[in-house]
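What follows is a single structure, written as structure tokens, with notes after it.
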Amino acid sequence: MTLSRQSTVTVSSHFLHGMLDFVRTRHGEKVMAQVLASAAIPQSLLLQPDARLTRQQYVALYRTVAATLDDEMLGLWSRPIRTGTLKYLMLSLLDSPTLLVALHRFVRFWNLLLDDYRLQISSKNDLVRLALVERAPGTPVTPLGHELMMKLIHGIASWLLGREISLQRVEFSYARPRHVGDYAFLYPGEVGFNAGMTSIFFAYQDCAASFKREKHELWAFLKRAPEDWTFSVLQRASIAARTREFLEAHITRPVTIHDLAQALHTSVRTLNRRFAEEGTHFQAVKDGLRRDMAVHSLSNSNMSVAALAFDLGFFDATGFCRAFKQWTGSSPSEYRKGSRQGD
């Protein structure tokens with residue numbers, strides 16, 4: 001199977017439903033169906049609570065919803081973020097002498113646009129914190145809006161520096177969600193929930209760094225949006241991501257946590273502690289990788305279920321089918337049919 005690590009990443013159907021929510025409530029089921037068709041996503045995925053979106057499906061849906069609503073933040077905030085906003089935001093950052101200055105400009109820019117929240121930037125104990133502060137008590141929390149704003153901050157900071165900036169911590173003001181497994185790859189660092197406000201923390205040293213970006217590089221970044229700011233390039237800060245990278249290189253072998261510990265030059269005890277800090281464990285990461293590779297293959301190829309099972313390191317197709325149904329609620333054949341409906 002010749003798939004790169006990044007191409008196999010999938011995300012929860014939480015993102016599918018969240019991106020469609022405003023389309024459905026404002027424009028109705030017919031327009032929602034048109035959006036799904038334009039993004040080449042079958043409506044049957046809406047009926048599968050454990051369905052996964054491939055990276056390509058996520059990007060296509062985001063772009064289609066943004067174009068349909070003329071809102072680059074998908075109707076998730078009280079005021080629409082009109083098409084072209086990201087372009088002018090980024091242009092205002094290009095000549096900043098340091099990332100910290102760019103982040104201050106980022107905050108001021110967004111505070112001209114947001115009515116329900118304001119962004120606040122502060123420095124303390126060698127950390128720089130950007131927080132979403134409600135403008136009035138009791139402001140409703142839309143998790144996807146908070147998720148995307150934190151991703152946007154991290155993604156833009158990383159792009160400006162030309163490397164993935166270390167994410168010291170990200171905190172969310174809502175309870176731990178069902179799709180928390182996706183956070184290890186969206187936010188490569190320590191993640192917390194039930195915080196007083198949604199915040200992201202960077203090392204001051206990173207923020208003090210200078211950068212140089214040209215307009216022609218910006219056009220490429222904007223053309224690929226939201227791909228580059230949603231899906232990090234390296235993701236090495238997360239032990240789950242490093243584990244996934246190692247497992248993918250040895251996907252057909254029965255790799256154990258002891259093999260991983262040896263490869264990463266650490267102990268099993270340390271690995272388990274790191275996994276616990278990220279709210280996961282070795283088998284969950286392994287299952288998540290195999291699930292994502294299976295979803296990608298079932299959605300994009302005609303590989304037989306038996307061959308796919310072999311490629312993913314299962315002893316037989318029966319074991320793979322049993323595992324896949326546990327992961328997604330559907331058999332591989334049912335999932336393939338649903339994910340490619342109308343092809």
Whether the side chain of [X] engages the backbone of [Y] through a donor-acceptor N/O pair (distance < 3.5 Å, no angle test) should be reported.
X	Y	result
Thr256	His258	yes
Lys286	Leu247	no
Arg274	Ala240	no
Asp259	Val255	no
Thr142	Gly145	no
Asp228	Phe221	no
Ser297	Met293	no
Gln57	Thr54	yes

Are the charged groups of [X] and [Y] less than 4.0 angstrom apart, N to O?
X	Y	answer
Lys215	Glu217	no
Arg291	Asp287	no
Asp292	Arg244	yes
Glu227	Arg55	yes
Arg52	Asp182	yes
Arg163	Asp206	yes
Arg336	Glu334	no

Consider only side-chain heavy atoms of I, L, V, M, F, W and Y, link residues closer than 4.5 Å, and tell whether [X] and [Y] are in one cluster.
X	Y	answer
Tyr88	Leu113	yes
Phe246	Leu312	yes
Leu99	Leu94	yes
Met303	Val305	yes
Leu161	Leu91	yes

Counting heavy atoms not belonging to [X], are there more than 12 under 6.0 Å from its [atom1]?
X	atom1	result
Gln326	CD	no
Asn194	CG	yes
Arg26	CZ	no

Subject >> Arg213 NZ/CZ over Trp159 ring centroid, <6.0 Å and within 45° of normal >> reply: yes
Give the minimum heavy-atom separation between [X] and [Y], together with the two atoms involved.
X	Y	answer
Thr64	Ala39	OG1-CB, 3.9 Å
Ala309	Ala317	CB-CA, 3.9 Å
Leu186	Lys151	O-NZ, 2.8 Å
Met150	Tyr187	CB-CE2, 3.9 Å
Leu46	His17	O-CE1, 3.4 Å
Pro80	Asp71	CA-OD2, 3.4 Å

Original post:
Run the salt bridge (Lys or Arg N to Asp or Glu O under 4.0 Å) check on Glu29 and Arg24 step by step: do they pass?
Top reply: CA-CA 6 Å; Glu29 299 288 334; Arg24 180 191 286 112; 3.5 Å; yes
Distance flag, aromatic centroids of [Y] and [X], threshold under 6.0 Å:
X	Y	answer
Trp229	Tyr62	yes
Phe15	His179	yes
Phe231	Tyr58	yes

Is any side-chain heavy atom of [X] less than 4.5 Å from a side-chain heavy atom of [Y]?
X	Y	answer
Leu16	Leu36	yes
Ile41	Val35	no
Arg322	Asp316	no
Gln34	Val31	yes
Leu308	Phe320	yes
Ile200	Arg129	no
Phe106	Leu160	no
Leu127	Tyr204	no

Ring geometry between [Y] and [X] (parallel below 30°, tilted from 30 to 60°, perpendicular above 60°):
X	Y	answer
Tyr183	Phe172	perpendicular
Tyr117	Trp77	perpendicular
Tyr174	Phe193	tilted

Does a donor on one side chain and an acceptor on the other come within less than 3.5 Å for [X] and [Y]?
X	Y	value
Thr198	Ser173	yes
Glu164	His154	no
Asp50	Thr328	no
Ser96	Arg105	yes

How many angstroms lie between [atom1] in [X] and [atom2] in [Y], if you round to the nearest 0.5 Å?
X	Y	atom1	atom2	result
Glu72	Leu89	CD	CG	9.5 Å
Trp110	Leu119	CH2	CG	8.5 Å
Ile81	Leu114	CD1	CG	5.5 Å
Arg79	Leu112	CZ	CG	8.5 Å
Asp115	Ser78	CG	OG	4.5 Å
Leu47	Ser330	CG	OG	10.0 Å

Original post:
Step by step, would you call Tyr335 with Leu45 a side-chain contact (heavy atoms from CB on, under 4.5 Å)?
Top reply: CA-CA 9 Å; Tyr335 197 95; Leu45 283 190; 4.2 Å; yes
**OP:** Give the C-alpha distance, both sets of side-chain angles, the deciding distance and a yes or no for side-chain contact (heavy atoms from CB on, under 4.5 Å) between Ile156 and Leu86.
**Re:** CA-CA 10 Å; Ile156 287 178; Leu86 180 60; 4.1 Å; yes
Subject >> Evaluation steps, side-chain contact (heavy atoms from CB on, under 4.5 Å), between Leu69 and His27 >> reply: CA-CA 9 Å; Leu69 298 177; His27 299 286; 3.6 Å; yes
Original post:
Do Thr243 and Phe282 pass the side-chain contact (heavy atoms from CB on, under 4.5 Å) test, and can you show the C-alpha distance, the side-chain angles, and the key distance before you say yes or no?
Top reply: CA-CA 8 Å; Thr243 299; Phe282 175 76; 4.1 Å; yes
